Amino acid sequence: MVTHTTPGAPGPESDPDDGYQRGLSARTVQMIALGGAIGTGLFYGAGGAIEQAGPALILAYLVAGLAIFVVMRALGELLIYRPVAGSISEYAHEFLGRFLGFTNGWTYWAVWTTTCMAEITVAGKYVNYWLPSIPVWVTALVVLIILFGVNLISVGVFGEAEFWFSMIKVTAILGMILVGALVLLPIAGIGPGSGPSVTNLWNDGGFFATGFDSALLSLQIVLFAYVGVELVGVTAGEAANPKVTLRKAINTLPFRIGLFYVGALFVILSVRGWRNFSDGNSPFVEVFSYIDIPAAAGIVNFILLTAALSSCNSGIYSTGRMVRSLAQRGEAPARLTALSGRHVPVAGIVLSAAVMVIGVIVNIVSPDKAFAYITSVSTIGIIFVWSSILVAHTVYRRRVARGEVEASDYRLPWAPYSTALALAFFALVVVLLFFSDSGRTAIVVGVVWFAGVTAAYFLRGRKAIVHSSR
């Protein structure tokens, strides 16, 4: 039984991690953190972003990365204070109240469920590179079934799979940066004799070649590329020695953003002028082909497939934990708290994977527009979730100042000013969504989603209050 104490706070006997095993080693958590922010948004989506923003995309990734760093340091402070599974929803519940805990948890679940739908969609397209006769929906279904099985076995198997997925992504980016750097060095003698140069960043229309407004509008694409960076927080309930492991993982974030995003784009746009990239084409394929690396397209296609599998693997993992956390608070059916004999939230994983099958159906009905339809929820949803982390952190700091909760020794620098700037940035991105067709679609879908979650709260949330007060 859970005894209700103060409104919006978890009961003193509640233990969101009850039944889990800390089966994620420090090595695994570090690699999940390293690869968590590297997905198809960088490998594949950056082509369209370059076409829209030109070289200024580097600045867009840098600015967005600074906001994400603030989010992660805020989350890190909360994780050191209380490392729990479903942490993102748990902190909203504790510091912002029951309604926002409910909304945050189900929205984060929706973000990863729809992201996984999108990833199995693009996985099908990547397989078509080698096997064009196989329908996209068939590959999507097979991928979902395999990753569903991986997550059901044990958290250790998930962690090992994600370790190697991340290793491939990280190695690919490091390899591209290294080869690109050698091409830019005239003494290396690699690649075309003329063309590659750092001057490509400004010699074709200037750094803001497509206009400052276009660079601003690219922020919505850039922000979506960072989805997954917060995944390390979800591992808190199953990470070995979480207060040490998570601190180290978050501390590497500035290095990851600087190297994998800013560094990679700097090299890409120096080796090849920005006009050579377009939506629907991977900039990595373009660069590798340009410098005449054998089988460049096939190599990068394999990396893209790996990135999609990694993202969906993470999606199944995180949604299963989030659903169980909600169920433990009475904000989802009680049967969703079920764990398997291997301490895996089997009921939550089954529910999430079943909903992800919608992605397969969408691919049958409308394969050309499936990606755009499905990602609308995740676009607006992740901004809400990240903003909730910042607001929860602000309330946490206030309670620490009043002596109501224990202070964390891992603190967000320059708060509350850094928090306010990051929230202002997210508000700007929401405003910018109104200036594009896809953004307006995301806004409409987001409004419908939050209306539905609010209605569900009043239907289910009242049961949760009765449940927690018994």
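This structure is a prediction, so every number in the text was calculated from the model and none was measured.
- Residues Arg440 and Phe435 approach most closely at NH1-C, 3.7 Å, considering heavy atoms.
- Annotation: side chain of Leu326 is in contact with side chain of Ser89 (closest heavy-atom distance under 4.5 Å).
- Annotation: side chain of Ser87 is not in contact with side chain of Leu78 (no heavy-atom distance under 4.5 Å).
- The minimum heavy-atom distance linking Val198 with Leu184 is given by the pair N-CD2, 4.3 Å.
- If you take CD1 on Ile382 and OG1 on Thr114, they are separated by 9.5 Å, rounding to the nearest 0.5 Å.
- Annotation for Phe207: atom CZ counts as buried by contact number, over 12 foreign heavy atoms lying within 6.0 Å.
- Few gaps surround CH2 on Trp274; more than 12 heavy atoms of other groups in view lie less than 6.0 Å from it.
- Among pairs with a residue in residues 291-311, those fulfilling side-chain hydrogen bond (donor to acceptor under 3.5 Å, both in side chains) read Glu119-Ser311, Glu162-Ser310, Lys169-Ser310, at least two apart in sequence or across chains.
- Residue Trp414 places its CH2 atom among 12 or fewer non-hydrogen atoms of other residues, nucleotides or ligands, all under 6.0 Å distant.
- The shortest distance between side-chain heavy atoms of Met176 and Val300 does not fall below 4.5 Å.
- Expressed to the nearest 0.5 Å, how far CZ of Arg321 lies from CD1 of Ile316 amounts to 11.0 Å.
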Test log, rule side chain to side chain contact (heavy atoms under 4.5 Å, CB included), inputs Val344 and Phe158: CA-CA 10 Å; Val344 170; Phe158 155 79; over 6 Å; no

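- For residues 215-312, the set of pairs meeting the disulfide bond (SG atoms under 2.5 Å apart) definition, not counting sequence neighbours, comprises Cys116-Cys312.
- Here the closest heavy-atom approach between residue Ala442 and residue Ile380 is recorded as O-CG2, 3.8 Å.
- Remark: Phe212 engages Phe208 in a ring pair (Phe, Tyr, Trp, His ring centres under 6.0 Å) (not counting sequence neighbours).
- Between atom CZ of residue Phe266 and atom CG of residue Leu201 there is a gap of 5.5 Å, rounded to the nearest 0.5 Å.
- Rounded to the nearest 0.5 angstrom, His393 NE2 and Phe95 CZ are separated by 9.5 Å.
- Looking at Asp409 and Lys243, no side-chain N of the basic residue comes within less than 4.0 Å of a carboxylate O on the acidic one, giving no salt bridge.
- Taking every heavy atom of both residues into account, Tyr129 and Gly298 meet most closely at OH-N, 3.4 Å.
- Using bins of under 30°, 30° to 60° and over 60° for the plane-to-plane angle, the ring pair Phe260/Phe255 lands in the perpendicular bin.
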If you look only at distance, which donor and acceptor atoms sit under 3.5 Å apart when one is on a side chain in residues 138-152 and the other is two or more places apart or in another chain?
unit_1: Asn151; atom_1: OD1; unit_2: Tyr317; atom_2: N; d: 3.4
unit_1: Asn151; atom_1: ND2; unit_2: Leu147; atom_2: O; d: 3.0
unit_1: Asn151; atom_1: ND2; unit_2: Asn313; atom_2: OD1; d: 2.9

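- No donor-acceptor distance shorter than 3.5 angstrom exists from the side chain of Thr28 to the backbone of Leu24, with no hydrogens or angles considered.
- Expressed to the nearest 0.5 Å, how far CD1 of Ile250 lies from OG1 of Thr245 amounts to 11.0 Å.
- Looking at every heavy atom in both residues, Ala264 comes nearest to Ile173 through CB-CG2, 4.2 Å.
- The environment of Trp164 atom CH2 is sparse: at most 12 non-hydrogen atoms of other residues, nucleotides or ligands sit within 6.0 angstrom.
- No donor-acceptor pair closer than 3.5 Å links the side chain of Thr419 to the backbone N or O of Ala415.
- Remark: Ser340 pairs with no residue by the side-chain hydrogen bond (donor to acceptor under 3.5 Å, both in side chains) rule, at least two apart or across chains.
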Worked verdict on Phe302 versus Ile299 for side chain to side chain contact (heavy atoms under 4.5 Å, CB included): CA-CA 5 Å; Phe302 171 73; Ile299 293 171; 5.9 Å; no

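- The shortest distance between side-chain heavy atoms of Asn276 and Tyr290 does not fall below 4.5 Å.
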Show which side-chain atoms of residues 50-75 pair as donor or acceptor with protein atoms under 3.5 Å away, not counting sequence neighbours.
unit_1: Glu51; atom_1: OE1; unit_2: Asp279; atom_2: N; d: 3.0
unit_1: Arg73; atom_1: NE; unit_2: Tyr410; atom_2: OH; d: 3.3
unit_1: Arg73; atom_1: NH2; unit_2: Arg411; atom_2: O; d: 2.6

Criterion side chain to side chain contact (heavy atoms under 4.5 Å, CB included) on Ser436 and Leu217, from CA distance to verdict: CA-CA 8 Å; Ser436 67; Leu217 290 173; 5.6 Å; no

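- Looking only at side-chain heavy atoms (C-beta outward), Pro345 and Val323 stay at 4.5 Å or farther from each other.
- A side-chain donor-acceptor contact under 3.5 Å links Thr121 to the backbone of Met117.
- A search for side-chain hydrogen bond (donor to acceptor under 3.5 Å, both in side chains) contacts involving Trp106 returns nothing, not counting sequence neighbours.
- Inter-residue side-chain proximity for Leu216 and Leu428 is flagged as met; some heavy-atom pair is nearer than 4.5 Å.
- The side-chain hydrogen bond (donor to acceptor under 3.5 Å, both in side chains) test applied to Glu230 returns Tyr108, Trp112, Trp386, not counting sequence neighbours.
- Two residues are said to be in side-chain contact when any heavy atoms from C-beta on lie closer than 4.5 Å; Val267 and Leu178 fail this criterion.
- Sorted by first and then second residue, the salt bridge (charged side-chain N to carboxylate O under 4.0 Å, His left out) pairs involving residues 282-291 (not counting sequence neighbours) are Arg272-Glu286.
- Arg342 pairs by the salt bridge (charged side-chain N to carboxylate O under 4.0 Å, His left out) definition with nothing, not counting sequence neighbours.
- Proximity of a side-chain donor or acceptor of Arg397 to a complementary backbone N or O of Leu412 within less than 3.5 Å is detected.
- Partners of Phe163 under the ring pair (Phe, Tyr, Trp, His ring centres under 6.0 Å) rule, at least two apart in sequence or in another chain, do not exist in this structure.
- Closest approach of Val111 and Gly381 over heavy atoms only: CG2-C, 3.5 Å.
- Two rings, from Tyr396 and Tyr91, have their centers 6.0 Å or more apart.
- Remark: the backbone N or O of Val232 is paired with a side-chain donor or acceptor of Thr235 at under 3.5 angstrom.
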Verdict with reasoning, Val179 to Leu182, per side chain to side chain contact (heavy atoms under 4.5 Å, CB included): CA-CA 5 Å; Val179 172; Leu182 290 174; 5.5 Å; no

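- Remark: Thr171 engages no residue in a side-chain hydrogen bond (donor to acceptor under 3.5 Å, both in side chains) (not counting sequence neighbours).
- To the nearest 0.5 angstrom, Phe426 atom CZ is 10.5 Å from Ser388 atom OG.
- Inter-residue side-chain proximity for Val122 and Tyr126 is flagged as met; some heavy-atom pair is nearer than 4.5 Å.
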